[in-house]
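See below for the structure under consideration.
Convention: sequence-line order gives letters A, B, ...; per-chain numbering from 1.
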There are 2 protein chains.
Amino acid sequence: MESEELRNVGLKVTTPRLKILSLLENAKAKHMTAETIYRQLSEGGEVIGLATVYRALAQFEAAGLITRHQFEGGQTVFELERGPHHDHIVCARCGRVEEFYDKVIEDRQREIAEKLGFTLSDHALTLYGECSNGTCTAKNG
Amino acid sequence: MESEELRNVGLKVTTPRLKILSLLENAKAKHMTAETIYRQLSEGGEVIGLATVYRALAQFEAAGLITRHQFEGGQTVFELERGPHHDHIVCARCGRVEEFYDKVIEDRQREIAEKLGFTLSDHALTLYGECSNGTCTAKNG
DNA sequence: ACTCTACATGAGAATAATTCTCATGTGCAA
DNA sequence: TTGCACATGAGAATTATTCTCATGTAGAGT
Ligand SMILES: [Zn+2]
Ligand SMILES: [Zn+2]
Ligand SMILES: [Zn+2]
Ligand SMILES: [Zn+2]
């Protein structure tokens with residue numbers, strides 16, 4: 001249950017936090033902006049402040065429940081941290097986001113950091129391109 | 001000469017543009033924010049608007065003269081596009097930025113994009129970590 | 001060199017995303 | 001239950017960036 005998750009990371013179980021977590025869990029889009037989360041909850045009849053959404057997301061991130069991504073051009077998006085780590089590829093035309101995990105790249109990153117005298121703690125990798133004409137849902141061909 | 005560079009990409013040769021290019025060329029820091037460029041030029045006695053700096057940087061980027069990076073937490077930084085492509089590793093404590101190029105990672109990215117049905121056009125890779133105690137110049141231990 | 005025009009500029013207003021402030025509300029340990 | 005540390009909503013404030021607009025100027029054509 002979501003209450004568990006909150007308790008486990010030392011956060012009080014409150015209605016706004018539960019609503020946000022469960023929206024992230026159930027929404028059609030896996031990667032959502034703060035604004036979108038706010039809007040969808042508001043439309044669903046919740047009374048919630050945008051500041052509360054931002055606050056909760058920051059806390060969830062600090063607690064490791066969610067991750068934050070900054071795709072170029074776009075707003076910051078958040079996604080539930082479930083399953084193994086992955087990186088992203090974004091279609092520059094239609095905005096579609098696909099996920100991937102590549103062990104070779106992950107390992108190489110660690111080696112590179114080491115070679116340069118760094119202790120690796122995190123990384124951000126995003127590929128940009130255009131998805132095939134068949135799948136691309138761009139507004140204007 | 002910098003005038004050449006501007007002409008080559010179809011931009012008029014103007015004083016602000018020359019000053020910005022030459023600052024990027026000569027400044028101690030290789031990765032600079034728009035604000036820093038603006039401040040350093042102003043301190044050097046130039047009369048230049050911040051909007052002009054942003055405009056010029058956007059044009060330089062579109063023309064391929066510079067690249068833009070968004071390191072997490074920090075402001076957008078720009079750097080002259082000289083020499084081969086590289087990615088970055090940033091120290092979370094002192095902010096030091098090192099550059100690296102790794103053929104294995106670059107090749108893998110292309111393969112991954114292909115496998116997912118994308119035509120790769122760009123990518124952003126930044127590693128985060130802490131540099132060794134010897135080199136780290138963090139404010140507070 | 002002179003002129004004309006499209007493009008560039010500086011200053012400040014405007015926007016967008018995010019964070020802060022503060023008066024009020026509430027989870028939960030005791 | 002009660003108390004209080006923490007959470008919340010609303011709106012103000014901040015930050016980074018872009019826009020507006022009146023004026024200036026690079027450089028093509030004379
Ligand atoms: Zn990864
Ligand atoms: Zn993802
Ligand atoms: Zn690269
Ligand atoms: Zn660099």
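Within residues 4-38 of chain A, the residues having any heavy atom closer than 4.0 Å to DNA chain C are, in order of number, A:K12, A:V13. Looking at residues 69-76 of chain A, you'll see A:Q75, A:T76 sit with a heavy atom under 4.0 Å from some atom of DNA chain C.
Using a cut-off of 4.0 Å between Lys/Arg side-chain N and Asp/Glu carboxylate O, B:E106 and B:K103 are scored as not salt-bridged.
The listed nucleotides are C:dA17, D:dA16, D:dG9; the one nearest the side chain of A:Y54 is C:dA17.
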- [ ] Output, in order, the C-alpha distance, side-chain angles, deciding distance and verdict of side chain to side chain donor-acceptor pair (under 3.5 Å) for A:S42 and A:R39.
- [x] CA-CA 5 Å; A:S42 298; A:R39 189 149 13 83; over 6 Å; no

Task: Worked verdict on B:F118 versus A:L127 for side chain to side chain contact (heavy atoms under 4.5 Å, CB included) - done: CA-CA 10 Å; B:F118 281 73; A:L127 309 185; over 6 Å; no

Task: Stepwise side chain to side chain contact (heavy atoms under 4.5 Å, CB included) test for A:H123 and A:H85 - done: CA-CA 11 Å; A:H123 69 265; A:H85 163 77; 3.0 Å; yes

Open item on the list: One pair to check against side chain to side chain contact (heavy atoms under 4.5 Å, CB included): A:R68 and B:E72. What are the steps and the verdict?
Closed with: CA-CA 10 Å; A:R68 166 196 306 258; B:E72 83 184 8; over 6 Å; no

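Around the CZ atom of A:R96, the shell of radius 6.0 Å holds more than 12 heavy atoms that belong to other residues, nucleotides or ligands.
At least one side-chain heavy atom of A:I48 sits under 4.5 Å from a side-chain heavy atom of A:I20. Side-chain contact between B:L125 and A:I105 is absent, with no heavy atoms from C-beta onward closer than 4.5 Å. B:Y54 is not listed as a side-chain neighbour of B:T76, based on a closest heavy-atom distance of 4.5 Å or more. Side-chain atoms of B:Q40 and B:K28, non-hydrogen and from C-beta on, do get closer than 4.5 Å to each other.
Going from atom CZ of B:R39 over to atom P of D:dA16 covers 10 Å, rounded to whole Å. Going from atom CD of B:Q59 over to atom C1' of D:dC19 covers 14 Å, rounded to whole Å. Taking atom CG of residue B:L57 and atom P of nucleotide C:dA8, one finds them 15 Å apart after rounding to whole Å. Here the C1' atom of nucleotide D:dG9 and the CD atom of A:E46 are 14 Å apart, to the nearest Å.
Nucleic acid contact for A:L50: base, since at least one base atom lies under 4.0 Å from a heavy atom of the residue.
Minimum interatomic distance between A:L6 and A:K12 (heavy atoms only, all atoms of both residues): CD1-O, 4.3 Å.
Comparing the axis of the opening five pairs of the helix from C:dA1-D:dT30 to C:dA30-D:dT1 with that of the closing five pairs yields an angle of 30°, rounded to 10°.
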